[in-house]
Each structure stands twice: as structure tokens, then as C-alpha cells.
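For reference, the structure is listed below as C-alpha cells.
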Amino acid sequence: MRESDKATVRNILTSYLELNNHRKTPERYAILDAVYSIEGHFTLEELGEKLNEELRFPVSRATLYNTLKLFMEMRLVIRHRFQGTTRYEACYDNNSHCHQVCTICGKVTEFKSIAITRAINGVRSKRFRKDGFSLYVYGVCSTCQAKLTRQQRKLELKNNNKQQ
């Protein structure tokens with residue numbers, strides 16, 4: 001992420017905390033910096049590891065959870081539920097995109113589609129302001145598809161050998 005974006009999200013956090021009479025703790029800023037230094041999706045555990053190991057700033061699981069909840073209210077972080085796991089993603093200036101989710105291995109890849117964006121922007125909503133969207137497309141990734149094909153061929157060979 002660009003340094004100007006990091007400064008912007010830090011300013012958003014500072015303003016929000018001041019307006020709502022919340023404390024400006026070093027933990028909140030460290031977590032924000034860690035979130036915005038991670039490319040793509042991350043789990044609570046991965047964020048905790050980054051803070052502890054890379055940034056040498058250990059925080060409790062409760063602090064991580066509560067701070068991410070605050071960031072979601074502020075629309076700085078979005079939560080995704082992929083195949084039974086909860087993942088988070090920094091979302092400042094990246095509200096609208098699509099995800100391909102493999103139903104076998106759980107791998108998630110992002111993609112953008114101008115056609116989908118235009119279609120969603122064209123939808124008229126009554127008494128609702130759209131901020132962005134996330135679309136989930138479920139299927140089987142090429143790696144898992146190749147494994148399934150190999151397994152199917154082995155099974156077919158085994159059955160052919162039994163019949164002979």
C-alpha cells in the first residue's frame with residue numbers, strides 16, 4: 001500500500017477516536033499498520049503472528065478481535081467468511097471486487113470485472129447507499145481439478161485391471 005494511503009487511514013483512525021472519545025492507544029495504531037502492510041486476506045492468527053514476530057508488538061487475541069471490530073465499523077477492514085474460516089482484508093480504497101473460492105482446498109483469489117461492477121452500479125436501491133461489494137464465486141481451482149482428474153484416472157485404471 002502506498003505511504004499516502006497509510007497516512008490517510010491513520011488520520012481516519014485518529015479522527016474517529018477523537019470524535020467518539022476513544023483512547024488513541026499504540027496497540028490500535030500498530031494493528032492498523034500491520035493490517036495495511038498485509039497483501040490480501042488474513043486470519044486473526046496471521047495478524048497476531050505478524051505483530052508478534054515481525055513488528056515485535058505482541059497483543060492479546062481479545063485486543064486483536066476488538067480492534068478489528070472497530071476497524072470494520074469504520075469501514076477500514078472487511079470480514080469474509082470463506083469455507084468455514086474467517087478472513088479479514090484491508091478495504092480502504094478497495095471496496096469492490098470479486099473472489100474465486102475453491103470448495104476443496106479453500107484457496108481464495110481475487111479478480112475484478114468491469115461488467116460486474118457496471119451491473120451492480122446500475123442496480124437502483126431504495127433507501128440504501130451502496131459503498132462497495134464483494135462477490136463470491138465458488139468452484140474448484142485448477143490445482144484441485146488436476147488432482148481430482150489424476151485420482152479419477154487411477155480409479156479407472158484400477159477398475160479396468162480388475163475386469164481383465
**Prompt:** Taking side chain as C-beta onward, heavy atoms only, is Ser134 less than 4.5 Å from Ile78?
**Reply:** yes
**Request:** Taking Arg56 for its side chain and Glu53 for its backbone only, find out whether a donor-acceptor pair lies under 3.5 Å.
**Result:** yes
**Asked** Between Ile120 and Leu135, is any pair of side-chain heavy atoms under 4.5 Å apart?
**Response** no
**Request:** State, yes or no, whether a side-chain contact exists between His22 and Tyr16 at a heavy-atom distance under 4.5 Å.
**Result:** yes
**Message:** Side chains of Thr63 and Glu27: any donor to acceptor distance under 3.5 Å?
**Reply:** no
**Asked** How far does CD of Gln145 sit from CD1 of Ile104, to the nearest 0.5 angstrom?
**Response** 7.0 Å
**Asked** Hey, are Lys24 and Glu18 close enough for a salt bridge, meaning a charged N less than 4.0 Å from a carboxylate O?
**Response** yes
**Asked** Is there a side-chain contact between Thr117 and Lys112, using heavy atoms and a 4.5 Å cut-off?
**Response** no
**Request:** Apply side chain to side chain donor-acceptor pair (under 3.5 Å) to the pair Tyr65 and Ser60, showing each step before the final yes or no.
**Result:** CA-CA 9 Å; Tyr65 180 79; Ser60 71; over 6 Å; no
**Request:** Start with the C-alpha distance between Val77 and Glu89, add both sets of side-chain angles, then the distance that settles side chain to side chain contact (heavy atoms under 4.5 Å, CB included), and finish with yes or no.
**Result:** CA-CA 6 Å; Val77 169; Glu89 177 180 26; over 6 Å; no
**Request:** Determine whether Lys6 and Ser37 make a side-chain contact, defined as any pair of heavy atoms from C-beta on separated by less than 4.5 Å.
**Result:** yes
**Message:** If you compare all heavy atoms of Phe133 against all heavy atoms of Cys98, which two are closest, and at what distance to 0.1 Å?
**Reply:** CE1-SG, 4.0 Å
**Fill in**
Residues passing the ring pair (Phe, Tyr, Trp, His ring centres under 6.0 Å) test with Tyr136, sequence neighbours excluded, are His80, Phe82, His99
**Message:** Taking atom NZ as the centre, does Lys130 end up with more than 12 heavy-atom neighbours from other residues, nucleotides or ligands that are less than 6.0 angstrom away?
**Reply:** yes
**Message:** For Leu64, is there any backbone N or O sitting under 3.5 Å from a side-chain donor or acceptor partner on Thr67?
**Reply:** no
**Heavy-atom donor-acceptor pair, Glu73 side chain to Leu70 backbone, under 3.5 Å** = no
**Request:** Go through the steps for Arg61 and Glu45 under the test side chain to side chain contact (heavy atoms under 4.5 Å, CB included), then give the verdict.
**Result:** CA-CA 8 Å; Arg61 184 174 174 84; Glu45 293 76 22; 2.6 Å; yes
**Request:** To the nearest 0.5 angstrom, please state how far the CG atom of Leu47 sits from the OH atom of Tyr88.
**Result:** 9.5 Å
**Asked** Heavy atoms, side chains only, cut-off 4.5 Å: are Val59 and Asn52 in contact?
**Response** no
**Prompt:** Got a donor-acceptor contact below 3.5 angstrom from the Thr43 side chain to the Glu46 backbone?
**Reply:** yes
**Message:** Using the rule given for side chain to side chain contact (heavy atoms under 4.5 Å, CB included), can you reason through Lys147 versus Gln152, listing the C-alpha separation, both sets of side-chain angles and the distance that settles it, and then say yes or no?
**Reply:** CA-CA 9 Å; Lys147 284 180 189 175; Gln152 187 176 7; over 6 Å; no
**Asked** Does atom NZ of Lys107 have more than 12 heavy-atom neighbours from other groups under 6.0 Å away?
**Response** no
**Message:** Looking at Thr103 and Gly139, would you say the former's side chain and the latter's main chain have a donor-acceptor pair under 3.5 Å?
**Reply:** yes
**Request:** Could you pull out the closest heavy-atom pair between Cys141 and Cys102, with the gap in Å?
**Result:** N-SG, 3.4 Å
**From CA spacing to verdict: side chain to side chain contact (heavy atoms under 4.5 Å, CB included), Arg23, Leu17** = CA-CA 7 Å; Arg23 292 181 307 129; Leu17 295 174; over 6 Å; no
**Request:** Kindly work out whether a path of hydrophobic side-chain contacts (I/L/V/M/F/W/Y, heavy atoms less than 4.5 Å apart) joins Met74 to Met72.
**Result:** yes
**Prompt:** Considering all heavy atoms of both residues, which atom of Val140 and which atom of Cys144 are nearest to each other, and what is their separation?
**Reply:** CG1-CB, 3.7 Å
**Message:** Side chains of Leu32 and Leu76, heavy atoms from C-beta outward: is any pair under 4.5 Å?
**Reply:** yes
**Message:** Rounded to the nearest 0.5 Å, what separates atom CG in Asn66 from atom CZ in Arg28?
**Reply:** 9.0 Å
**Asked** What distance do Leu44 atom CG and Glu49 atom CD have between them, rounded to the nearest 0.5 Å?
**Response** 10.5 Å
**Request:** Would you please say whether a donor-acceptor pair under 3.5 Å links the side chains of His41 and Glu110?
**Result:** yes
**Message:** Which heavy atom of Gly132 sits nearest to which heavy atom of Ser96, and what is that distance?
**Reply:** CA-OG, 3.3 Å
**Prompt:** Could you give the distance from CZ (Phe111) to CD (Gln100), rounded to the nearest 0.5 Å?
**Reply:** 5.0 Å
**Asked** Are Ile38 and Phe57 connected, step by step, through hydrophobic side chains (Ile, Leu, Val, Met, Phe, Trp, Tyr) whose heavy atoms are closer than 4.5 Å?
**Response** yes
**Spatial distance of atom CZ (Arg81) from atom OG1 (Thr85) [nearest 0.5 Å]** = 10.5 Å
**Request:** Side-chain contact test, heavy atoms from C-beta onward, threshold under 4.5 Å: evaluate it for Gln151 versus Leu148 and give yes or no.
**Result:** yes
**Cys91 to Tyr36 - nearest heavy-atom pair and separation** = N-OH, 3.5 Å
**Complete:** Note: Phe42 and Ala90 closest approach over all heavy atoms is CE2-N, 4.2 Å
**Request:** Step through the shown structure and confirm whether more than 12 heavy atoms of other residues, nucleotides or ligands are within 6.0 Å of CD1 on Ile114.
**Result:** no
